[in-house]
Each structure stands twice: as structure tokens, then as C-alpha cells.
Amino acid sequence: MTSAEVKFFENVIETTENCRYCLMCRHTCPVGLGTHNETLTPHGWGLTIASVKRGLLTWNDETVDALYSCADCGNCRAHCVFDQPLPDAIAAARAEVAAQNLAPAVVYEFDEMFKQWGNPYQPQAPEPASHQGDVALFVGDESLYLWPSALEAALKLLKAIGIEPVLVGSGRSNGYLASSLGLPETARSLAQAVIEDVKASGASQLLVLSPGDAFAFNRLYVERLGMAWPDDVIVQEVTVLLAEKLEAGELTITPLDDETPYVYMDPTHTVRVPERVEAPRNLLSALYQRPGIEVFWRKDRAHPAGNTALQFTQPDLSNQLTMGRLYDALSVGARRVICEDPGTLSALKPGAERVKLDLVGLYELLADHV
Amino acid sequence: MAQSAAFTSEMIRSELEEIVGQAYISTTETDKLIYSTDWAWMPQMWLDRGERLATPDYILHPGTKEEISAIVKLANRFRLPVVPWGGGSGTQGGALSIYGGILIDTKRLDKIIEINEKALTVTAQAGINGSQLEWALNEKGLSLMHYPASANCATLGGYLAPRGSGTISTKYGKAEDLVMRFEVVLPNGDIIRTPHVPNHASGPDYMRLFLGSEGVFGIFTEVTMQVDYQPEARLLRAVLFESVANAVEAGRRIMTRRLDPMVIRMYDPGSTASQVKQFLGYELEGAYMVIGWDGDPDIAALQEQKGMEICTELGARDLGREPGEHWWEHRYDFYYPPKSLKLPWMYGTTETVTTYDRLETLYYAKKKAIEETYKDHNAKYIGHFSHWFHWGASLYDRFIVEEPPENAQEALRLHNRIWNTAITTSLEHGGMVNEHHGVGLKLGRYMPRQYGEAWPFLQTLKKAIDPNGIMNPGKVGFGF
Ligand SMILES: Cc1cc2nc3c(=O)[nH]c(=O)nc-3n(C[C@H](O)[C@H](O)[C@H](O)COP(=O)(O)OP(=O)(O)OC[C@H]3O[C@@H](n4cnc5c(N)ncnc54)[C@H](O)[C@@H]3O)c2cc1C
Ligand code: SF4
Ligand code: SF4
């Protein structure tokens with residue numbers, strides 16, 4: 001282990017030792033609140049990991065099942081006064097379990113996919129950087145394979161403010177999913193490949209389509225994977241850039257004459273990038289000429305949809321999280337749900353159809369009105 | 001033998017499964033371990049040392065009161081203990097399944113039934129999380145005004161079960177004062193509701209019997225609480241007294257003149273030097289006191305002015321608004337690791353309440369008893385005066401032993417001895433066994449002494465309400 005890895009590991013052990021007897025963030029943990037099960041709360045995971053260490057439990061089907069039920073959504077850490085990195089600790093425990101061949105079978109299947117194709121969705125190799133330029137846009141795997149219309153619309157919006165970015169990481173996972181599944185080495189290779197793609201593009205600004213990507217590049221790489229993000233490359237979300245341009249009068253949005261009650265659904269991982277919450281709302285307010293209705297689990301307490309590692313390890317739980325987001329929207333009287341994150345949108349889609357909510361991509365909606 | 005036990009256990013499990021459904025019963029080793037401890041120091045330490053605790057045999061997550069009623073009826077038939085569980089944040093071991101049996105986790109009962117903006121009440125199921133309930137009220141400009149440090153983890157039912165107090169109980173009352181009515185599943189499985197208003201002259205107030213009963217008289221399933229409008233103003237400031245005596249006197253005068261502060265939090269010199277410094281960053285000598293008023297800005301400002309006059313008369317130094325507001329912002333930081341009190345240290349919150357004429361004597365007596373008796377263990381005693389009434393105040397005091405014995409049994413023995421000293425001293429000096437954490441397993445042994453000749457009366461009530469003794473046995477001083 002490198003010294004950074006040793007430090008990370010010690011930090012992680014210390015975290016579970018703290019969280020095992022703490023109850024202070026469970027009110028925001030979507031899995032704990034959804035399952036009502038003490039084991040599936042920040043405290044429960046801390047205590048489970050600590051109990052394995054003390055010989056009171058062993059890693060077996062039952063404990064591994066519990067370990068793989070955390071959504072790795074970051075709500076606990078976001079609400080922790082002392083910023084304990086519990087999701088990192090859980091990922092480290094999963095890595096230990098995966099290394100002992102005790103992880104769910106799907107973890108190893110995905111490891112193969114990541115290693116061979118750089119993504120878990122399609123047996124297709126990632127594209128190299130399209131060309132060189134000052135501004136790049138990270139495409140990733142979710143926007144390419146799960147919700148392609150977001151990319152096209154985002155490019156149109158960027159063009160409207162005079163930006164034609166270099167496309168990087170087309171078809172490549174940002175590494176979050178692999179790290180969340182307990183595959184840190186694979187996550188590091190994916191991260192390394194993203195960093196090399198970005199460097200090859202020559203860009204000093206990397207635009208991303210979702211807070212999940214912003215979190216991965218700004219924090220996950222450094223904090224969980226022990227990797228350095230290039231100092232000279234600034235990461236910014238497209239929505240944040242567009243909102244800045246709107247405020248500066250450099251982007252004009254044609255108002256939409258539509259009375260449909262809408263909510264803006266904060267994408268998965270929003271709590272990890274809380275400073276971004278107003279940007280999409282401002283864009284939508286400009287479009288609708290009124291603010292949307294707010295759901296209960298919003299902004300700095302936004303729950304994730306099911307588009308985390310749970311969709312592969314615990315599909316029922318993942319579905320429960322997704323439906324929770326939709327019921328939240330229904331309960332405040334919304335008829336339309338708007339979000340920009342390709343991963344969140346694709347997770348919400350089947351449920352939205354079932355409960356008859358109109359699901360709309362934010363980039364697509366805006367692109368039609370600039 | 002083992003096989004016949006497995007047989008019986010499976011027969012009961014099947015019946016329970018029929019009541020709640022397969023997804024809502026667990027007998028896994030992991031769940032049993034996690035549910036074997038609440039937030040009391042004793043079980044936490046026990047697990048920390050790698051020792052096992054008694055666990056529930058069945059962990060149930062019922063979704064309705066009818067299911068709870070059916071579970072309780074089954075428990076009577078099989079003579080099984082039933083332990084209600086809210087957030088497991090109790091500090092007295094009240095939710096421990098010391099005799100195994102059925103643990104009823106109430107958290108699936110988490111719906112808000114009605115927010116009545118005219119009567120200013122909220123009706124919710126008892127398993128709802130405290131902060132979630134507060135957020136929902138805040139959406140409508142309302143607040144429960146019960147702000148315990150455990151709101152993030154405790155449930156509404158758990159607020160009432162041990163008669164909890166929140167930060168601003170001095171103005172708004174304890175949880176028990178805010179309750180309008182509730183629904184409870186009795187130990188025989190009957191479901192009853194108290195009248196829709198709490199204050200009347202229509203016979204005895206049996207509602208109070210359940211408040212503080214910590215699950216020994218039944219399980220709350222639905223509760224109506226009073227709520228308030230969010231205050232227009234919240235004025236906070238801090239003052240520093242040279243002595244505890246003057247600080248207590250200032251609190252007493254403010255309360256007895258009915259200046260209606262929402263909070264008076266006075267730290268003794270030990271806490272001022274340790275906790276106030278560690279969490280708020282102020283290096284001060286003396287008794288640090290935060291005082292706050294809320295509500296209408298003009299009235300609050302006038303109350304504050306009158307309160308400050310009293311403090312000044314008694315020699316307080318006004319530290320201004322910032323240290324008061326800073327405290328308000330960070331008042332719960334004390335409870336987050338790694339800076340909270342935590343293992344491997346030994347600690348206990350031996351809080352109590354008494355009348356003003358005894359308050360100071362009680363504080364010094366406890367300090368002396370703990371620090372002198374456990375000098376060899378370097379026991380520290382710190383305290384603050386947290387919840388104030390017209391007639392007295394609560395002393396939120398703690399002992400801390402930074403290097404307790406390694407051996408779990410020895411550590412537990414020492415812990416129980418220190419508690420014994422603390423509670424005995426409280427009782428000898430007019431303090432109650434507890435003010436807001438409840439009795440649980442830990443303090444049950446003091447109930448006969450606390451209640452004297454009234455204790456057999458309480459035991460008779462318990463026998464009448466729960467003849468088979470199934471409800472939370474071993475807690476609040478009642479046996480099995
Ligand atoms: C960090 C922290 C800070 C705290 N701060 C405060 C504070 O400021 N003020 C305060 O008053 N307390 C405080 N406590 C103590 C504790 O949180 C409270 O007593 C709390 O109200 C317990 O609620 P719970 O839902 O967690 O109950 P649990 O711990 O699950 O149970 C407590 C007792 O109530 C019984 N019970 C639970 N639910 C029901 C029900 N529905 N019907 C009948 N019986 C039931 C249980 O059997 C048990 O005996 C704190 C605890 C922690 C961990
Ligand atoms: S993340 Fe922080 S608040 Fe949550 S359990 Fe851990 S220490 Fe407590
Ligand atoms: S990462 Fe999310 S699901 Fe996991 S413990 Fe934290 S809040 Fe709960």
C-alpha cells in the first residue's frame with residue numbers, strides 16, 4: 001500500500017469507529033428511512049463493520065447483503081458536523097469483502113465489463129478525445145447509453161453561449177460506480193483514463209452534465225481513490241455555467257407559456273455539491289416565469305434516485321428509492337418532473353410512466369427555448 | 001432440547017410473519033446484534049469490548065396499530081416479552097431486549113396524519129423521526145418547539161415515552177406538556193385513545209400514566225402535539241458569572257418573575273473550561289450562561305432587557321449576542337463524534353431536577369461525591385443547568401472517567417457504582433432520579449426509593465394493566 005492508501009485506510013477505520021455509536025445523520029439517510037431497519041442506517045453500517053472487526057460478526061451472505069445496501073449517496077456525510085467520510089468507509093469495507101471473493105456475483109461481472117469496456121452498459125470501447133480545445137465536456141457512459149438526448153441538447157445550449165467543447169470520456173465510466181461496488185483498483189484505472197483523456201484534450205475547463213460527475217472529479221478521485229485531479233483543469237457543471245450566463249445577460253431564454261405544475265428534481269449526489277442547487281432552479285424560473293413546486297427531499301437534503309450501485313446489487317431497494325422521489329413529487333401536486341442528470345432521468349423514467357408523471361430533461365427543455 | 005427450542009421458535013415466527021408479512025420480520029444475526037444496543041453506555045461498552053449482549057428473538061416492523069395489537073395478543077398467549085423500539089437513541093437501556101422476545105420497531109408508523117393550522121396541532125404516527133416531523137412543520141411556518149439534541153434520531157413516541165425535554169422547554173414545556181392526545185396499544189392488545197383535549201375536568205387524567213412509562217404500560221401508535229408559529233425573532237446572548245451561585249440566582253429571578261425565556265443554559269466552571277472551549281472556542285473562567293427569548297420582536301426585546309438587568313445586578317459580564325448565537329448554531333455539535341463523549345471513555349449523564357432552594361446544594365453535593373469517591377479513577381464531574389421552571393431547574397451533570405478498566409465486567413461494575421453514588425446523592429438532596437432521559441434498565445433499582453410508599457401503588461397499577469408482565473420487562477423498576 002502507498003502511504004496515501006495507508007492514511008486513507010486508517011481514516012476509514014476511525015470513521016466506522018465513530019459512526020458505529022452515532023445516530024446523528026440517520027434522519028437524512030434514504031435507505032434507513034425507507035427500510036426502517038436499524039441495520040441499514042449510518043449507525044448500523046458503522047456497527048456492522050466494527051463488529052466484524054471485533055469478531056462479533058463475520059462477512060457472510062447476510063452481512064454482505066447489508067453492506068451492499070448503502071446507496072453511497074453522501075447524505076450522511078453532508079449532514080455530519082465533523083464531516084466523517086462514512087460512504088468512503090463503507091466502500092473500503094466492500095473492497096475488503098470483494099477482495100475475499102465474498103461480494104455479490106454482479107460485482108465481479110461488472111468488474112470485467114469495466115476492465116474490458118470502461119463502462120457497465122455496452123460492450124463498446126470509449127472514444128478518445130474528439131479534438132483539442134480550451135473547453136471540454138465529459139460525456140461519460142450514462143449520457144451516451146442511458147439518456148443520449150441530454151448530450152445533444154447540452155451541446156446546443158453551449159453553442160448558444162458560444163462554446164463548442166471537445167468531447168472527452170465518451171462511453172467511459174467516471175469510476176464512481178466501480179469504487180462504490182468495492183473495486184478501488186478498477187475505479188482508479190477508470191479515473192486515470194479520464195484524467196488522461198482530459199489532459200489529451202488540452203482543456204483548462206471541463207464541463208460536466210451532472211453533479212455526480214462534478215463530485216467524482218472534484219472529490220471522489222482525491223478523497224476516496226487517492227488520485228490527483230490536474231490542478232490546471234477546472235470542473236464546472238453545465239447548468240451552473242448556463243445560470244451564470246443567464247444572470248450576466250449572455251443567455252436569453254424564451255419564456256414558456258405552460259401552467260403545468262412542475263418540480264425540479266435534484267439529481268442523485270446533489271448533497272455532495274450543495275452549492276449547485278440554485279442554478280437549475282434559476283434556469284427553470286426564467287423559462288416558466290415562476291419557481292417550481294419544491295419536493296420535501298430537496299436541495300441539501302435531496303434523496304438519491306436509484307441510480308447508484310444499488311441498482312445492480314439491490315434492485316428492489318434501488319427501485320424503492322426511485323419511487324420515493326416520484327411519490328415525493330406527486331405528494332406536492334406536481335405533474336411534471338424536470339432533471340438534467342442522464343443517470344437520474346433514466347432511473348426515474350419507468351416509474352414516472354407508471355405514476356403518469358411527465359418526465360422531462362432540463363437540457364432538452366431549455367434547448368428548445370434559447 | 002435445542003431442536004425443540006428451534007421448533008417452538010419457528011412456530012411463533014410463522015405466526016408473527018402472518019401478522020406483519022414476510023418482509024417485516026427479521027431473525028438474522030446481524031439485525032439481532034444491531035438491535036441489541038441502544039445509546040446507553042453499558043451495552044455500547046459491552047459490544048466495544050467484543051462481548052455479546054442479549055438480543056431480541058424476533059424483530060418486527062409492523063405497519064399498523066392493528067398489527068401491533070395482534071403482536072401483543074400473541075405475546076400474551078406465549079408469555080413473550082415485548083420491547084417497543086423507536087430510534088434506539090435512549091440512554092437508559094430502556095429499549096434493550098434483556099429477556100429476548102419480540103422487539104417492535106415502530107418506525108414504519110411514520111406518517112403525518114394532519115397538520116391543523118387552526119387548532120395549531122399536528123397528528124402523526126408515533127414512529128416518525130423527530131427532524132422529519134419538524135421539517136414538515138417548518139414547510140408550513142410551524143414548529144413543534146420540542147428540540148431535543150436527539151431530534152435527528154428519536155421518534156415522536158420516543159419523545160413521550162421517557163418524558164423528554166428539548167432545548168427550549170423552558171418556555172414551551174417538555175414533550176409531555178406539548179401533547180394533546182394519543183393512541184396507545186395496551187398490554188392486552190386493546191387500542192385506546194385519550195380525549196382530544198388534555199386539560200379538562202372530566203375525571204382523572206389517565207393520559208399522564210402513559211407519559212414516562214417507557215413502554216411498560218403500552219405502545220404509542222399515534223400522537224397529537226401542539227405546535228407553534230415559527231417565531232418572528234430569536235434573541236440570544238451570553239453572559240459570564242463569576243460563581244454558580246449568582247448564575248443560579250439570576251436564572252431563578254428570571255423565571256420567578258415570569259420573563260419567559262425560551263432557554264437558559266448555564267455551564268458550570270468545569271464545563272465552561274472544557275466543553276465551551278472545545279466546541280465554541282471561548283476561553284472563559286466562570287459560569288457561562290446563554291439566555292434566549294423568542295416570539296414577537298418587541299416583547300422579546302423587552303423581556304431580554306429585563307433579564308439582562310437581573311444578570312447585571314448579580315455581577316454578570318455581558319458577552320454580547322455573538323457567543324449566544326454561536327452557541328445556538330452549534331448547540332448539537334456536542335453530540336457528533338469524534339468530539340462527543342465516546343468510548344473508550346466511561347461517562348454517564350446523571351441529570352436530575354429539583355427546586356431552587358436545593359439546586360446549588362445538590363450540585364455541590366454531587367460534584368463532591370463523585371470527584372472524591374472516585375478520585376483514584378480520576379473521575380471528572382461537569383454540569384450545566386439546562387431546563388428551567390418557575391419552581392426549579394434541571395441539573396444536567398455528567399461524570400467522566402477517561403481510563404476505565406479494560407475488562408468489560410469490571411468497567412460495568414465501576415460504572416454502576418458511580419451511578420449509584422450520583423443517584424443516591426441526588427435523592428438525598430431533593431433531586432429526582434431523572435429529569436428527561438427516563439429510567440430504563442439503568443435506574444430501575446431506584447424506583448422504590450424515589451416513590452417510597454407510592455411504589456407498591458405503581459406496582460399494583462402495572463399488575464392490573466399488564467397482568468402477564470410482558471411489556472418491556474425489567475424496565476422502570478418493574479420486574480418480569
Ligand atoms: C445524541 C443524543 C442526544 C439526546 N438528547 C436528548 C435531549 O436533548 N432531550 C431528551 O429528552 N432526550 C435526549 N436524548 C435521549 C433520547 O434520545 C430520548 O429519550 C428520545 O426521546 C428517545 O426516543 P427514541 O425514539 O430513540 O426511543 P428509544 O430509545 O427507541 O426508546 C426509549 C424508550 O421508550 C420506549 N419507546 C420507544 N417508542 C415507544 C412507543 N412508540 N411507545 C411506547 N414506548 C416506546 C422504549 O421501549 C424505551 O424504553 C438524547 C439521545 C441521544 C442519542
Ligand atoms: S457520518 Fe457523522 S453524523 Fe453520521 S453516523 Fe457518522 S459520525 Fe455520526
Ligand atoms: S451514503 Fe447514503 S445510504 Fe449510505 S449511509 Fe450515507 S446516507 Fe445512508
Side-chain angles (χ1 to χ4, degrees), chain A residues 14-29 32-48 50-67 69 76 79-84 86 294-298 301 316 320 331-332, chain B residues 23-24 26 28-39 41 43-45 47-53 59 61 63 85 87-89 103 105-110 127 129-136 139 149-154 279 330 332-340 342-344:
Chain A
E14 185 56 30
T15 294
T16 49
E17 291 297 299
N18 285 320
C19 298
R20 74 191 156 142
Y21 292 129
C22 173
L23 307 172
M24 295 303 277
C25 61
R26 62 163 48 180
H27 61 306
T28 63
C29 173
L33 289 173
T35 61
H36 309 99
N37 183 355
E38 291 290 327
T39 305
L40 307 184
T41 62
H43 150 82
W45 282 299
L47 184 50
T48 300
S51 298
V52 171
K53 201 177 123 202
R54 284 167 175 72
L56 292 169
L57 292 171
T58 53
W59 291 126
N60 54 31
D61 286 354
E62 193 186 293
T63 42
V64 167
D65 187 60
L67 187 67
S69 297
C76 46
H79 289 262
C80 178
V81 166
F82 295 113
D83 196 29
Q84 295 293 308
L86 178 60
E294 291 289 357
V295 291
F296 187 80
W297 296 107
R298 61 177 184 269
R301 64 180 191 226
D316 290 346
Q320 195 183 334
S331 72
V332 293
Chain B
Y24 299 111
S26 170
T28 68
E29 291 309 310
T30 317
D31 286 347
K32 284 183 179 179
L33 183 134
I34 303 293
Y35 280 94
S36 69
T37 179
D38 62 6
W39 212 63
W41 181 87
Q44 298 194 71
M45 179 279 294
L47 289 178
D48 184 61
R49 307 290 161 91
E51 304 285 344
R52 284 174 199 284
L53 290 157
I59 297 152
H61 295 267
W85 178 285
S89 72
L103 183 145
D105 186 329
T106 57
K107 283 196 291 293
R108 257 181 86 213
L109 299 176
D110 62 353
N129 172 279
S131 288
Q132 213 174 314
L133 176 60
E134 180 63 20
W135 281 339
E139 307 271 84
S150 55
N152 291 355
C153 39
F279 289 95
H330 295 275
Y332 299 144
D333 292 8
F334 298 77
Y335 297 94
Y336 288 78
K339 295 199 181 171
S340 57
K342 70 180 184 79
L343 291 155

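- Ring geometry for A:F82 versus B:Y336: interplanar angle over 60°, hence perpendicular rather than tilted (30 to 60°).
- Rounding to the nearest 0.5 Å gives a distance of 12.0 Å between OG of A:S51 and CD of B:E29.
- When each of A:N18, A:L57, A:L40 is scored by its heavy-atom pairs under 4.5 Å with chain B, the top score falls to A:N18.
- Contacts of B:Y35 with chain A are made by side-chain atoms alone, with heavy-atom separations under 4.5 Å and no backbone atom involved.
- Neither the backbone nor the side chain of A:T41 comes within contact range of chain B, judged by heavy atoms closer than 4.5 Å.
- Side-chain contact, B:H61 with A:N37: no donor N or O sits under 3.5 Å from an acceptor N or O.
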Tell me, with the steps shown, if B:L47 and A:R20 meet side-chain contact (heavy atoms from CB on, under 4.5 Å).
CA-CA 11 Å; B:L47 289 178; A:R20 74 191 156 142; over 6 Å; no
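- Contact count versus chain A (heavy atoms, under 4.5 Å) is highest, among B:Q132, B:K107, B:H330, for B:K107.
- Both the backbone and the side chain of B:W135 have a heavy atom closer than 4.5 Å to some heavy atom of chain A.
- Of the atoms belonging to B:A23, not a single heavy atom falls under 4.5 Å from chain A.
- The part of B:D105 that comes within reach of chain A is its side chain, from C-beta onward, which places non-hydrogen atoms under 4.5 angstrom from that chain.
- Both the backbone and the side chain of B:D31 come within contact range of chain A, judged by heavy atoms closer than 4.5 Å.
- Distance NE2/A:H27 to CG/B:L133: 13.0 Å, rounded to 0.5 Å.
- A distance of 7.5 Å separates OG of B:S36 from CG of A:L47, quoted to the nearest 0.5 Å.
- Heavy atoms closer than 4.5 Å to chain B are found nowhere in A:W45, neither backbone nor side chain.
- Rounded to the nearest 0.5 angstrom, B:N152 CG and A:L23 CG are separated by 9.5 Å.
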Stepwise, does the side-chain contact (heavy atoms from CB on, under 4.5 Å) test hold for A:T48 with B:L33?
CA-CA 8 Å; A:T48 300; B:L33 183 134; over 6 Å; no
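- Contact of B:E139 with chain A is made through the side chain alone, with heavy-atom distances under 4.5 Å.
- Under the 3.5 Å distance criterion, the side-chain polar atoms of A:R26 are matched with a main-chain donor or acceptor of B:G87.
- The main-chain N or O of B:G88 is never found under 3.5 Å from a side-chain atom of A:E38 such that the two would form a donor-acceptor pair.
- With a 4.5 angstrom heavy-atom cutoff, B:T30 touches chain A via backbone and side-chain atoms both.
- Summarising the geometry of A:Q84 relative to B:P338, their closest heavy-atom pair is NE2-CD, 3.3 Å, with the distance given to 0.1 Å.
- A:R54 places no side-chain N or O within donor-acceptor distance of the main-chain N or O of B:R49, the cut-off being under 3.5 Å.
- When heavy atoms are compared at a cutoff of 4.5 Å, B:D110 approaches chain A solely by way of its side chain, counted from C-beta outward.
- Remark: side-chain polar atoms of A:Y21 are not paired, donor with acceptor, to backbone N or O of B:K342 under 3.5 angstrom.
- Atom OG in B:S89 sits 10.5 Å away from atom NE2 in A:H43 (nearest 0.5 Å).
- Only the side chain of B:T37 has a heavy atom closer than 4.5 Å to any heavy atom of chain A.
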